[in-house]
Amino acid sequence: MRKAPRAPLSAPLSAPLLAALLAPLLAALLAALLAALLAAPAAAAPRVIELHSLRESWLLGDGAEVWLDEGGDATLDEALARGAWRPTRRPREAIRIQQGVLWIHARVVDATPRDPAAPPRWRVSFSHPRPVQLTSFVPRGGRRVEVRGGLEQPLADREVPSTSLVVPFEPRPGVVEDLYFRVESTPLGFAARVSSGDEWARLEQRAERLFGLYYGLTLGLFLYNAFLFLSLRDITYQWYLLFLLSNVFFFAARNGYIWASGWTPSRLGGSGLVTLQMFATISFTRSLLMTARALPRWDKVLRGLLLTLYVMFVVTLSWPTPTAESAMSPLSGLSVLACLVAGGLRLAQGSRVAGYFMLAWGLFLGGGVMYSLKFTGLIPHTPFTEHALQVGSAFEMVLLSLALADRIRDLQAEGVAREHELERVQLTHARDLIALREESARRVIDAQDERNRVLASDLHDSVGHRFLIIMREAAEWAERRGEGAEGAQQREALLSISTLAEEGIYETRELAHGLYPQRLLDLGLESALRSAVEGLARVGLRAAVDVTPRLSDLLTPGARLTALRVAEEALQNALRHASCASVWLTWRVADWEGEGEGLGLGLGPGQVELLVEDDGVGVAEGAAGRGLGLRTMRDRATQAGGTVVVERRAEGGTRVRLRLPASPPAPPPAPPEGPGQGAQAPRV
């Protein structure tokens, strides 16, 4: 059975959707170009940051100087003595692009109006990504103190109970103070901000509200899709839920919540969470985009990456964090690229789900570009750019949830199409089975008719002929008997034998006619029908017949016998039950070219119709089909591939309508070639 072609899941993406896909990346590139054109020249020396307002904050990178201690063992005095300090360019922040320990030196002066009763207390807070280990040298009470902290420091042990790394300091009014920080962080970099305690609290509350919005959105999406997963049992929802959880853990670690709880070790929180996130992302991508079916070759690449990520997750439990993160960086980038290629290939196939997928990744990568560019100074450091990656992640999760909903719609449409295809196949199979049964029944009937025809011929020609010989010989011997009592007795016996033989001839002919009408063989269907109708005329009924001369040429032998039997049964019913005065028998034909008198009466090409009508009392309502004769007519018609309908005539009386399939007429024989062409073939 030929498999029906599968329709594409959806139409190609429209131009507005493609524009929305490219908008985040274009916006990030334009912002980077504008910031590069407006960037200020490099400062010759670290400038003094003037703290002149309690409602503002300043970036340490805006005028600080840094030194990279590649050995990582220098003290503050050694750093001041041998350090090759270099100034940062405005508006760049502290940048770290190599492994090692980074020293930061910034100069600040407190120029705010002071209240002797409540002197302001300033704070330095470190944003994403936060340093793993931080040692601060800041002024307090007129002297410089050393403060140690870091990501793995429990929240209860921190001087300021916050998920952020915060270092309080107390500069003397109007005095330039030096701030030194020894930082161990990721190779990417970090940012530090100076603000008053009130301003820091305000910024912290705003960040907490944004985090709450993000986690609340994630929780809502998780519960909604968990309900759908329990309802639909679709494994794609399972991978999406794992994807949401990996995002939550990743950003919870990034925002300091997991580190502050002391629950997750550093080696698992960095590379381990990234590995889990990439594993969930690739698994979700494979299931959402149905790459195993739509992209079988590329699906092998994705499965290879999944195996590699699984091995890396196990390895990260034993490797040191910097080494594991160094190995994970290219693998994460390769995983993201593989997912984007899969989305692009499915998009080229016209998948609407792939459009949502690519748009979601475009927004996420746009946020990632903005977040990364702020470390280069090409994009200003603002609350939006600081959390651009998380904002992009929120849009990504929402769009991927919409993609899931759209995928369910596509799957439902595909399921409906499959059900229709299955119904069509089942219907076709049922029709083929019915046709096969009808063909088998026709073959059985034809075989029976042929056998009956042979038996009828044998009875008529052989047995009947012997009865005829016996009858004539008995009659001849009866005439030869002499006179007398004995001769009379012999003559009477011979005449009795002749009479019995004559009765045998009659019964043999009747039996042969019951098996197969001899006149159908001898005279053809048209003459047999006329003979049946004329038989009614001899008993006092008015009978008329209109039979197409070429009727026998259009029907198979089995159909001819069916037509004759149905006509005989209909005529007998008219004679016995109709109380009629007239009977009509009519044939209509519709040929294969769409022409013929029967087309106006609902006949299709290649059909013939027999009508037997009378003007009697008419068949009673609901009585058609209850009699044995009527059921026999219907069975015969069905076996011959036709139908029989018994109905009341509008003018009064009964109409029996028989429709049979006709065989195409045989083409005329080709004229002979060569000499004598066109001469009549001799009759045989």
Side-chain angles (χ1 to χ4, degrees), residues 2-15 17-18 20-22 24-25 225 228-229 232-244 246-247 274-313 330-366 368 396-397 399-418 421:
R2 186 176 60 89
K3 185 177 180 181
R6 183 173 60 89
L9 294 180
S10 57
L13 291 179
S14 59
L17 190 57
L18 290 176
L21 177 65
L22 299 176
L25 296 178
N225 287 280
L228 293 179
F229 170 67
L232 303 175
R233 299 295 182 180
D234 188 351
I235 195 173
T236 309
Y237 282 92
Q238 171 186 321
W239 292 121
Y240 178 73
L241 295 176
L242 182 60
F243 173 75
L244 291 180
S246 65
N247 278 352
V274 173
T275 305
L276 177 63
Q277 190 177 31
M278 289 297 101
F279 188 89
T281 300
I282 294 179
S283 300
F284 174 67
T285 300
R286 292 183 63 239
S287 185
L288 178 69
L289 300 180
M290 295 179 286
T291 56
R293 185 183 66 180
L295 304 170
R297 293 184 179 179
W298 194 251
D299 186 71
K300 294 180 181 179
V301 176
L302 296 178
R303 284 185 292 173
L305 287 174
L306 283 177
L307 179 60
T308 305
L309 287 169
Y310 176 78
V311 174
M312 286 298 301
F313 183 77
L331 185 58
S332 299
L334 186 61
S335 300
V336 172
L337 180 61
C339 292
L340 290 177
V341 171
L345 293 176
R346 292 290 287 122
L347 187 64
Q349 292 178 350
S351 171
R352 184 181 179 87
V353 174
Y356 282 106
F357 180 84
M358 295 298 290
L359 180 58
W361 272 101
L363 293 175
F364 177 74
L365 293 178
E396 180 188 33
M397 291 187 300
L399 287 173
L400 290 179
S401 181
L402 295 177
L404 269 175
D406 198 72
R407 176 180 177 273
I408 292 300
R409 186 193 66 178
D410 287 343
L411 290 178
Q412 289 175 345
E414 187 174 355
V416 171
R418 287 180 179 177
E421 177 64 17

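For Q277, the side chain to side chain donor-acceptor pair (under 3.5 Å) test picks out N247, with sequence neighbours left out. Remark: L402 pairs with Y356, L399 by the side-chain contact (heavy atoms from CB on, under 4.5 Å) rule, at least two apart or across chains. For Y237, the ring pair (Phe, Tyr, Trp, His ring centres under 6.0 Å) criterion is met by no residue, not counting sequence neighbours. Residues satisfying the side chain to side chain donor-acceptor pair (under 3.5 Å) test with D234, not counting sequence neighbours, are T236, R407.
Side-chain atoms of E396 and L363, non-hydrogen and from C-beta on, never get closer than 4.5 Å to each other. The shortest distance between side-chain heavy atoms of S335 and T281 does not fall below 4.5 Å. For the pair S246/F279, no side-chain contact is recorded, criterion being any heavy-atom separation below 4.5 Å from C-beta on.
Using the six-membered ring where Trp is involved, F284 and F243 have ring planes that are parallel, under 30° apart on the 30 and 60° scheme.
When all heavy atoms of W298 and A338 are compared, the closest pair comes out as NE1-O, 3.0 Å. Minimum heavy-atom separation, A342 to T291: CB-CG2, 4.3 Å. Closest approach of L289 to R346, counting heavy atoms only: O-NE, 2.8 Å. Between M397 and Y240, the shortest heavy-atom contact is O-OH, 2.8 Å. Here the closest non-hydrogen pair linking S401 and N225 is OG-ND2, 3.5 Å. M358 and G344 get closest at one heavy-atom pair: SD-N, 3.7 Å.
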Give the table of side-chain donor-acceptor pairs shorter than 3.5 Å for residues 301-312, with sequence neighbours excluded, one pair per line with atom names and distance.
| residue | atom | partner | partner atom | Å |
| --- | --- | --- | --- | --- |
| R303 | NE | D299 | OD2 | 3.3 |
| T308 | OG1 | G304 | O | 2.9 |

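Rounding to the nearest 0.5 angstrom, the gap separating the CG atom in L288 from the OG atom in S351 is 7.5 Å. Here the straight-line distance linking atom CG of L400 with atom OG1 of T285 works out to 8.0 Å at 0.5 Å rounding. I282 contributes atom CD1, which lies 13.5 Å from atom OG of S287 (distance to the nearest 0.5 angstrom).
Applying the salt bridge (Lys or Arg N to Asp or Glu O under 4.0 Å) test to pairs two or more places apart or on separate chains, none has a residue in residues 333-342.
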